[in-house]
Amino acid sequence: QKPVYTSLAQAFSVKGAIMENHLWHALRLNSWMRDELRAGGSHLPETQNISMHVLALPSRYALYLVPHLLRISQPFNLKIFHLGAWSCNDAPEVMQEMRDQFLANASELATIPYLDKRGGSQIDWGKITLDEVAQSIGWTLENAARGEEGPSVLFCVA
């Protein structure tokens with residue numbers, strides 16, 4: 001006799017409804033982003049380089065976006081910036097590969113104090129102000145775009 005499986009939505013109706021809402025939202029955002037990227041890139045010459053910068057907070061959120069960016073056929077330069085420690089327990093091989101290929105050197109972001117050094121996303125607001133964080137991020141991204149040819153696109157995954 002086959003075991004009877006129950007879905008999460010059936011077992012926990014409130015959590016199931018929340019999960020369904022999050023999933024629907026993520027699918028809509030994914031479709032919108034894919035359409036926007038295609039539309040934005042359709043008028044560029046084939047040889048035009050695009051610089052793409054990803055700011056991930058925490059670093060493991062880069063997993064949500066970078067694999068999709070790598071499927072774009074147009075050549076581009078990709079740099080990943082992150083706040084906090086670079087870590088992910090879910091896909092360590094993929095994170096290591098992204099680190100080796102795309103991680104940007106951003107020492108000024110490393111100075112932002114964290115309560116959790118293992119890749120958490122909680123800034124220690126007792127030691128730094130929102131303006132100081134914004135200045136560090138802005139300065140980092142401005143310096144990253146210097147000397148690059150072609151348009152730049154910034155993605156923030158937080």
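Everything quoted here is computed from the prediction, not taken from an experiment. The analysis underlying the following values was restricted to heavy atoms, covering all of them including side chains, and did not include hydrogens, waters or symmetry mates.
The NZ atom of Lys79 sits 15.0 Å away from the CD atom of Gln101 when rounded to the nearest 0.5 Å. Rounding to the nearest 0.5 angstrom, the gap separating the NE2 atom in His68 from the CG atom in Leu63 is 10.0 Å.
No side-chain heavy atom of Thr111 sits less than 4.5 Å from a side-chain heavy atom of Ile128. Phe81 is not listed as a side-chain neighbour of Ile137, based on a closest heavy-atom distance of 4.5 Å or more. The closest side-chain heavy-atom distance from His82 to Leu103 is below 4.5 Å. The shortest distance between side-chain heavy atoms of Tyr61 and Leu55 does not fall below 4.5 Å.
The two residues Lys127 and Pro113 come nearest to each other via the heavy atoms CB-CG, 3.7 Å. The two residues Ile112 and Ser136 come nearest to each other via the heavy atoms CD1-CB, 4.1 Å. Among all heavy-atom pairs drawn from Ala62 and Trp86, the shortest one is CB-CH2, 4.4 Å. The minimum heavy-atom distance linking Arg60 with Met95 is given by the pair CA-CE, 3.8 Å.
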The test is side chain to side chain contact (heavy atoms under 4.5 Å, CB included); show your working for Leu69 and Met52 and say whether it passes.
CA-CA 9 Å; Leu69 293 177; Met52 294 196 184; 3.8 Å; yes
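Evaluation of the salt bridge (Lys or Arg N to Asp or Glu O under 4.0 Å) test over residues 91-109, restricted to residues two or more places apart or in two chains, returns none.
Using a 4.5 Å cut-off between side-chain heavy atoms of Ile, Leu, Val, Met, Phe, Trp and Tyr, with links allowed through other members, Leu130 and Trp139 fall into different hydrophobic clusters.
With Phe155 as the fixed residue, the side-chain contact (heavy atoms from CB on, under 4.5 Å) test singles out one of Val66, Leu65, Leu78: Leu65.
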